[in-house]
Amino acid sequence: MLGIESSCDETAAALVRADGSILASEIASQMEVHAAHGGVVPEIAARAHLDAIDSVITAALDRAGVTMSDIDGVAATGGPGLIGGVVVGTVAAKAIATARGLPYYAVNHLEGHALSPRLVAPVVFPYLLLLVSGGHTQLLAVHGPGRYERYGTTMDDAAGEAFDKSAKIMGLGYPGGPAIERAAATGDPRQIRLPRPLKGADHCHFSFSGLKTAVATRFAALADDGSSIPDLAAALQAAIADCLADRARRAMARFAGAHGPATLVIAGGVAANRAIFTRLQTEADAAGFGLSVPPAWLCTDNAAMVAWAAIERRQAPDGLDFAPRPRWPLDPDAAPPPGRGVRA
Ligand code: KG4
Ligand code: ZN
């Protein structure tokens, strides 16, 4: 399966076999292009995807040592994401599928993240997924490909967004998550007290926009020499970890009530954070759940997860009339969280 990913700021192509062996996973990052703006600029991203897509696909074929004639199917992220980028990947995949007479798969980017642990470990359905990325923070019961039950989502910012926006406020650069984690390594989280939005609430939803505001207030009050930036970074990381742990604890209790304890999977870019991993490991142990985190390269955006999501339902390809979707919830029937600014 040839997989293509282009929904945010990474142009990626991968070749994956049905048995889960990854022959190639190439990524052309636009990080440097967007760093100057402190975040992803959609129009710039779309052009960069267009520039990179052909060479990334060729690089993946070369790396795998295969040609187009060895491919049995083509999958591309069909949404959700920045629509200009999604269109670029979708058109490339449809063109290859048409020219080669191959089945085409429009993959939900979130499903790519959701099923990614099964590409590297024998995680069985159903499992509980904490999806934490720059665009999403969700808790989902994963019953099988295409079968998701959303327990909770964010009412405002995503967890990764809280890292990115706070890093921007603190002048730590983009992407914010890794920068905060590095700065936090030499900081003391107890020096600065930040709020824990929704901690203890009787649902599984999240809220992070208040944290970013609190960081801005505390940053303005820091010593001029910036000596407390590591403390603030550590305090933010601890607050986000606490919030994720509290909501995951509630979700594990709900999941266990229906299915018994199983596996808690963390996926998405924020899952690469060691402090968050450690915190969730403690929660999972206490709830009798196993914890599964895909390796860091599989947690952040990549095309291997897109190819794998298509492999999981390879008997059911999509029509070439599929239209790219800026929004595409995994569980369209999920109850919205209380409050405003609901995200898919
Ligand atoms: O899944 P991803 O690569 O892209 C999508 O948003 O779909 O996630 C990117 C997000 C960014 O917000 C980035 O700051 C965050 O993941 N991230 C991290 C770390 N590495 C990446 N957040 C906290 N700690 C990290 N080590
Ligand atoms: Zn992603």
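In what follows, every heavy atom counts, from backbone to side chain, and hydrogens, waters and symmetry copies are set aside. Everything numeric here is computed off the predicted structure, so don't read it as measured data. We count ligands from 1, going down the list as the structure has it; atoms in each ligand are counted the same way.
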Where is the nearest protein heavy atom to [atom]: which residue, which atom, and how far?
atom                    : answer
atom 17 (N) of ligand 1 : Gly269 O, 3.5 Å
atom 26 (N) of ligand 1 : Glu181 OE1, 2.7 Å
atom 4 (O) of ligand 1  : Asp301 OD2, 3.2 Å
atom 10 (C) of ligand 1 : Gly134 N, 3.4 Å
atom 18 (C) of ligand 1 : Gly177 CA, 3.4 Å
atom 24 (N) of ligand 1 : Asn273 ND2, 3.1 Å

Exercise for the section: If you link ILVMFWY side chains whenever their heavy atoms are less than 4.5 Å apart, which other residues fall into the same cluster as Ile53? By chain and number, please. Expected result: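 Ile53 clusters with Leu2, Ile4, Leu15, Leu23, Leu50, Ile57, Leu61, Val66, Met68, Ile71, Val74, Val88, Ile96, Leu102.
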
Is the backbone N or O of [Y] less than 3.5 Å from a side-chain atom of [X], with the two atoms forming a donor-acceptor pair by type?
X      : Y      : result
Asp331 : Pro329 : no
Arg196 : Cys243 : no
Thr137 : Ala159 : yes
Asp246 : Gly200 : yes
Glu5   : Ser7   : yes
His49  : Cys8   : yes

Does [X] come within less than 4.0 angstrom of ligand 1, counting non-hydrogen atoms of the residue?
X      : value
His109 : yes
Gly135 : yes
His136 : no

Problem - Approximate separation, where rounding is to 0.5 Å, of Ser292 OG and Ile266 CD1 - result: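 With rounding to 0.5 Å, OG (Ser292) is 8.5 Å from CD1 (Ile266).
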
Under 4.0 Å to a heavy atom of [X] - the qualifying atoms of ligand 1, by number:
X      : answer
Phe163 : 22 (N), 23 (C)
Thr300 : 3 (O)
Ser133 : 1 (O), 5 (C), 6 (O), 7 (O), 8 (O)

Handout entry: Location of contacts on Asp164 toward ligand 1, heavy atoms closer than 4.0 Å
Key =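 The side chain, only.
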
Problem - Mode of Glu10 contact toward ligand 1 - side chain, backbone, both, neither (heavy atoms, under 4.0 Å) - result: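 Neither part.
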
Practice task
Step by step, work out the salt bridge (charged side-chain N to carboxylate O under 4.0 Å, His left out) result for Arg17 and Asp70.
Solution key: CA-CA 11 Å; Arg17 277 195 215 275; Asp70 299 314; over 6 Å; no

Practice task
Look at the rings of His259 and Phe255 and say which category their plane angle falls in: under 30° parallel, 30 to 60° tilted, over 60° perpendicular.
Solution key: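 Because their plane-to-plane angle lies in the 30° to 60° range, the rings of His259 and Phe255 count as tilted.
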
Practice task
Taking all non-hydrogen atoms of both residues into account, name the closest pair between Ser133 and Gly268 and its distance.
Solution key: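 Taking every non-hydrogen atom into account, CB-CA, 4.2 Å.
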
Problem - Candidates Arg247, Arg249, Arg250 - the one meeting salt bridge (charged side-chain N to carboxylate O under 4.0 Å, His left out) with Glu283 - result: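 The single option meeting the salt bridge (charged side-chain N to carboxylate O under 4.0 Å, His left out) with Glu283 is Arg249.
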
Problem - Contacts of the Zn ion (ligand 2) with protein N/O/S atoms, counting only those under 2.8 Å - result: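 Under 2.8 Å from the Zn ion (ligand 2) - ignoring waters, which are not counted - the protein N, O or S atoms are His109 NE2, His113 NE2, Asp301 OD1.
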
Problem - Note: Arg313-Asp318 ion pair, threshold 4.0 Å (strictly below) - result: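 Salt bridge: yes.
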
Problem - Gly160-ligand 1 polar pair, N/O distance under 3.5 Å - result: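 It does: an N or O of Gly160 is found under 3.5 Å from an N or O of ligand 1.
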
Practice task
Just go through Val270, Val132, Leu131 and tell me whose heavy atom is the nearest to atom 15 (C) of ligand 1.
Solution key: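 Nearest option to atom 15 (C) of ligand 1, by heavy atoms: Val270.
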
Problem - Test item: side-chain donor near acceptor, Asp156 and Ser207, under 3.5 Å - result: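 Looking only at side-chain atoms, Ser207 and Asp156 do form a donor-acceptor pair, the distance falling under 3.5 Å.
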
